[in-house]
Peer 1: 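Mind looking over this structure? Questions follow.
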Number of protein chains: 2
Amino acid sequence: MSRPPPDPAEPRVTLAQVARAAGVSEITASRALRDAANVAPRTLEQVRAAARALDYVPNRMAGALAGGASRQVAVVLPSLSNSVFADVLRGLETRLDHAGHHPILGVSNYDPEQEERLIRDLLSWRPAGIVIAPAASTEGTRRMLAQSGLPVVEIMDIDPPPIDTAVGLSQRAAGRAMAAHLTGRGYRRFAYLGHDIAADPRALARLEGLRAGLADVRARFEEVLTLPGPSSVPLGREGLAALLARRAPGGLAVCFSNDDMAVGAMFHCMAAGLAVPGDVALAGFNGLAIGQALPQPLTSIASMRDRIGAVAADTLLARLRGEEPARSIDVGFALIPGATA
Amino acid sequence: MSRPPPDPAEPRVTLAQVARAAGVSEITASRALRDAANVAPRTLEQVRAAARALDYVPNRMAGALAGGASRQVAVVLPSLSNSVFADVLRGLETRLDHAGHHPILGVSNYDPEQEERLIRDLLSWRPAGIVIAPAASTEGTRRMLAQSGLPVVEIMDIDPPPIDTAVGLSQRAAGRAMAAHLTGRGYRRFAYLGHDIAADPRALARLEGLRAGLADVRARFEEVLTLPGPSSVPLGREGLAALLARRAPGGLAVCFSNDDMAVGAMFHCMAAGLAVPGDVALAGFNGLAIGQALPQPLTSIASMRDRIGAVAADTLLARLRGEEPARSIDVGFALIPGATA
DNA sequence: ATTTTCATTGACAGCGCTGTCATCGCCATG
DNA sequence: CATGGCGATGACAGCGCTGTCAATGAAAAT
């Protein structure tokens, strides 16, 4: 059982070798392997055969350096802890891959400093563009992105003025829509339960939308509780337990920063024998599959995350082709009435 | 509201300009910005100041081409649909980032052809190494990886003979452990409910482990049901409903390919008024947070996914430093007794 | 038959950086 | 005071590829 030799003098096959084997010049081989235009069919075949025979793997770094665009796309996400950004990433990767592009990934953990450093690092790979779900970005970050001269697609929220292009939904409008739904159903007592909001500008925007919506009917949150740490099922479960230790349930509608929190809250109600929505009403956000598979489907707002990823990729690719897509693309959201509020 | 000028003649700052501004040669500037060794403190400061003043962003493609290693790591995952690989990716990214490396991501969708194409593509970026959670890999894939001369870390399962290095757990042993747990608790009727198994070699390995464990007490699955599509909460819910349309629940223990399926099944039981584990016992796999936050914690096996990602990264980095870590690293697993079986 | 056109091919330079080796002082040593 | 050693710096070449423009020859046009 010996490890394959680390191949210290690794003599990688180069384009020059392929060209020699095919009996043509380097540049002709290069063209044959790319455009295929302006190359005689016979030559084309020879070059392809030689490449195949030698197991040639092009060196795209050299290619990108020499002239072509890089075909790598920097992707900066604030988190991979719940499925939200995993969904976005999936949509992104699929579409980029189809176009022969690949994501270089960075996760900022909602830390503006880390985000800035990350962007600086990723930019040094000279990507063709950048897709970012911003944390509370620093001024330096914005300047760097603007000055990079690259297409920049900011995803998730379309309300803040984009540096270049935005793809997502109006987080604020989503918040308002949920508030309207809840007040429309007759609820008059409200609480908010979220993860650490300071770091997550979109959760904050939704909260503000909720507040604005409640204010429309002169209602307000009795309590806004934010817990440290990323949103998660256990956090929602613990959170609701803590909240209900202080507040009478009767007719209280609780809004969550994310479906996973709401699902955890639902579990608490099940375990504590509380009727939903009779004793407590629960409203989530994102329309995750898990919420819809609950015995009672969760009241939520579908956020079409894979769509955001896909559209972000398409928008970026369009800009790379020199087109001028809209500065701001609203992929919308949909209220899911569910049965928990 | 005008888009920032696409900067057609984008004159990016180069090392040469920094060197000129600092009044030193290119190579000295290069050294100052990297090693900092063998550079006079005064020169060092001048170069750094110049770089800062010019907003210099190094071009690592050129750097990698010229000599240094690439500091990009190809990462190939079969899916991002459930949190399993998102967790792994998170662990990977964190550790790689700390070491100044970045993942280039590819998702194979459990398709061997796509996986092979993906690897070919990613290899053309001349990464420093590759981390892969293999689908049912083709012979071509294995050859390509072996001949690449790069460190290759295969993650998730340590049973198949690794091309180079493996980090994960014994999927088969995990299956056996669960079987032993269930038979030990007295269950004698068993069923298996999974997602499309043909494409997922690890789920298959676990199933075989389960079978082997059951065989130890002369038991076997009454039914092995695999549903098309990736594992998900709704799929588990529908799946159990379908299964119980054919099988009497009384004392049946159902094993799932993943916790999300089991959680869906739990929801079905709640909705259908079935007692768990009285009428049906449920056993998942992976120890996802959601399963543990259920009113009754799910019987499962914790698979330490972020740990796998972190260890995979560390192993790769160690190989890049020229060390010789073990060929196979077992991060283990832990049975979670839970309360559903 | 002569000129024009076009498809095909190649020579050359250079992308931005780093490894290698040479050079230059300056200091400590005898 | 001569010598060796060493820290600091730079010249040069080249990583593997592609854009640009020129050269070639054969087909098309006159």
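Proteins get letters first, then strands, A, B, ... in listed order; numbering begins at 1 in each.
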Peer 1: If you pin B:Ala62 and B:Arg31 to their nearest nucleotides in DNA chain D, which one's is more 5'?
Peer 2: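 So the residue in question is B:Arg31.
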Peer 1: Think A:Thr43 has a side-chain N or O under 4.0 angstrom from the OP1 or OP2 of C:dT9?
Peer 2: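 Yes, within the criterion.
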Peer 1: Would you mind telling me which of C:dG10, D:dG10, D:dA8 lies closest to the side-chain atoms of B:Pro41?
Peer 2: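 Of the options given, the side chain of B:Pro41 lies nearest D:dA8.
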Peer 1: Tell me what A:Arg34 touches on the nucleic acid: a base, only sugar-phosphate, or nothing, going by heavy atoms under 4.0 Å.
Peer 2: sugar-phosphate
Peer 1: Rounded to whole angstroms, how far apart are CZ on B:Arg20 and C1' on C:dG16?
Peer 2: 13 Å
Peer 1: With a cut-off of less than 4.0 Å, is there a side-chain N or O of A:Ser30 near OP1 or OP2 of D:dT18?
Peer 2: yes
Peer 1: On DNA chain D, nearest-nucleotide positions of A:Met61 versus B:Ser25: which is more 5'?
Peer 2: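 With A:Met61 and B:Ser25 compared, the 5'-side residue is B:Ser25.
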Peer 1: Tell me what B:Asn59 touches on the nucleic acid: a base, only sugar-phosphate, or nothing, going by heavy atoms under 4.0 Å.
Peer 2: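 Here B:Asn59 touches the backbone only, sparing every base.
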Peer 1: May I have the distance from B:Gln17 (atom CD) to C:dC15 (atom P), rounded to whole angstrom?
Peer 2: 11 Å
Peer 1: Rounded to whole Å, please give me the gap between CH2 in B:Trp125 and C1' in D:dC17.
Peer 2: 12 Å
Peer 1: Round to a whole Å and report the spacing from CD of A:Glu26 to P of D:dT18.
Peer 2: 9 Å
Peer 1: Consider only side-chain N and O atoms of A:Thr94 and A:Arg90, and report whether a donor and an acceptor are under 3.5 Å apart.
Peer 2: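 On atom types as modelled, these side chains do not qualify, holding no pair under 3.5 Å.
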Peer 1: Is a side-chain donor-acceptor pair under 3.5 Å present for A:Ser124 with B:Arg60?
Peer 2: yes
Peer 1: Is the shortest side-chain N/O distance from B:Tyr56 to OP1 or OP2 of C:dC17 below 4.0 Å?
Peer 2: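 For C:dC17, OP1 or OP2 has a side-chain N or O of B:Tyr56 closer than 4.0 Å.
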Peer 1: Let's see if you can work this out: which of D:dG19, D:dC15, C:dC15 has an atom nearest to the side-chain heavy atoms of B:Leu65?
Peer 2: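 The listed nucleotide nearest to B:Leu65's side chain is D:dC15.
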Peer 1: Counting C-beta onward and ignoring hydrogens, is there a side-chain heavy-atom pair between A:Glu116 and A:Met144 closer than 4.5 Å?
Peer 2: yes
Peer 1: For the pair made of CD in A:Gln46 and P in C:dT8, what is the distance, rounded to whole Å?
Peer 2: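 Atom-to-atom, A:Gln46 to C:dT8, this comes out as 14 Å.
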Peer 1: Expressed in angstrom and rounded to an integer, what is the separation of B:Ile27 atom CD1 from D:dT9 atom P?
Peer 2: 12 Å
Peer 1: Roughly, in whole Å, what's the span from CZ in A:Arg60 to P in D:dT18?
Peer 2: 10 Å
Peer 1: Side chains of A:Leu80 and B:Glu93: does their closest heavy-atom pair fall under 4.5 Å?
Peer 2: no
Peer 1: Answer with yes or no whether the side chains of A:Glu115 and A:Ser137 bring together a donor and an acceptor at under 3.5 Å.
Peer 2: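 A:Glu115 and A:Ser137 do have a side-chain donor-acceptor pair below 3.5 Å.
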Peer 1: Between D:dG10, C:dT8, C:dG16, spot the one nearest the side chain of B:Thr14, thanks.
Peer 2: C:dG16
Peer 1: Of all the choices, C:dC15, C:dA11, C:dC17, which nucleotide is nearest to the side chain of A:Ala66 once you look at every atom?
Peer 2: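 Nearest to the side-chain atoms of A:Ala66, counting from C-beta on, is C:dC15.
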Peer 1: In this structure, how many angstroms lie between the C1' atom of C:dT18 and the CZ atom of B:Arg71, rounded?
Peer 2: 14 Å
